[in-house]
*Asks:* 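Before we start, here is the structure in question, set down as structure tokens.
Because only heavy atoms are used, hydrogens play no part in the values below, and waters and symmetry mates are left out as well, while side chains stay in.
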Amino acid sequence: MNPTLIVLATIGAVGFLLAIVLAARSRHAKFGARDLLVIGATGFVNTTLDPDGSILVHGELWRARSKHGAVVGPTKKVIVVGAQGHLLLVEPMSDRL
């Protein structure tokens, strides 16, 4: 086999593995920072919260739970009042008036 091809294949394999590691670390770092930034943010219900569902906050889809167990329908506006790991605790905006 051609030695040049072996070197190129090795460099390609190492580069691919490095890209995977960097992507995984980048993803982890983003989630850690976002937890702190979403408290107090407003969002819209994507799938009905009964009490769990999903919401859109800052253009991102998050798992969410209605803090007091209220059923909140799609497109309703909510505010993030807390978090349990990557699950956001929310209240409907009408409850906060």
Side-chain angles (χ1 to χ4, degrees):
M1 192 173 203
N2 187 342
T4 304
L5 289 176
I6 293 172
V7 170
L8 289 176
T10 302
I11 291 172
V14 169
F16 179 73
L17 292 174
L18 182 61
I20 290 173
V21 169
L22 290 176
R25 293 185 84 199
S26 171
R27 178 178 169 103
H28 179 71
K30 289 178 188 172
F31 275 116
R34 286 186 190 142
D35 280 351
L36 302 174
L37 299 176
V38 295
I39 305 298
T42 58
F44 293 92
V45 176
N46 184 55
T47 59
T48 300
L49 302 179
D50 188 15
D52 293 357
S54 62
I55 63 170
L56 284 171
V57 178
H58 301 306
E60 295 181 338
L61 193 61
W62 286 84
R63 288 180 43 234
R65 175 176 294 145
S66 175
K67 185 174 180 183
H68 300 293
V71 176
V72 185
T75 73
K76 299 294 183 185
K77 198 170 186 179
V78 293
I79 187 163
V80 180
V81 295
Q84 294 175 337
H86 296 293
L87 176 75
L88 301 182
L89 301 175
V90 299
E91 292 180 352
M93 288 297 287
S94 60
D95 287 357
R96 298 189 54 91
L97 297 175

*Asks:* Taking all non-hydrogen atoms of both residues into account, name the closest pair between V72 and S66 and its distance.
*Replies:* CG2-OG, 4.4 Å
*Asks:* Look up atom CD1 in I11 and atom CG in L18, then write down how far apart they are to the nearest 0.5 Å.
*Replies:* 13.0 Å
*Asks:* If we ignore hydrogens and angles and just use 3.5 Å, is the side chain of T47 paired with the main-chain N or O of S54 as donor and acceptor?
*Replies:* yes
*Asks:* Check the pair V90 / V80 against side-chain contact (heavy atoms from CB on, under 4.5 Å), numbers first and verdict last.
*Replies:* CA-CA 4 Å; V90 299; V80 180; 4.1 Å; yes
*Asks:* Are M93 and L89 joined in one hydrophobic group, where the rule is that I, L, V, M, F, W and Y side chains link up if heavy atoms are under 4.5 Å apart?
*Replies:* yes
*Asks:* What are the two closest heavy atoms between V57 and G43, and how far apart are they?
*Replies:* CG2-CA, 4.2 Å
*Asks:* Are I39 and V45 in one and the same hydrophobic cluster, where Ile, Leu, Val, Met, Phe, Trp and Tyr link if side-chain heavy atoms are under 4.5 Å apart?
*Replies:* yes
*Asks:* How close do H86 and W62 get, counting heavy atoms only, and between which atoms?
*Replies:* O-CE3, 3.9 Å
*Asks:* Once you round to the nearest 0.5 Å, how far does CG of N46 lie from CD1 of I55?
*Replies:* 9.5 Å
*Asks:* To the nearest 0.5 Å, how far apart are CD1 in I79 and CD in E91?
*Replies:* 8.0 Å
*Asks:* Considering non-hydrogen atoms only, spot the tightest contact between P74 and T48 and give its length.
*Replies:* CD-OG1, 3.2 Å
*Asks:* Of the non-hydrogen atoms in G69 and P51, which two are nearest, and what is the gap between them?
*Replies:* CA-CB, 3.9 Å
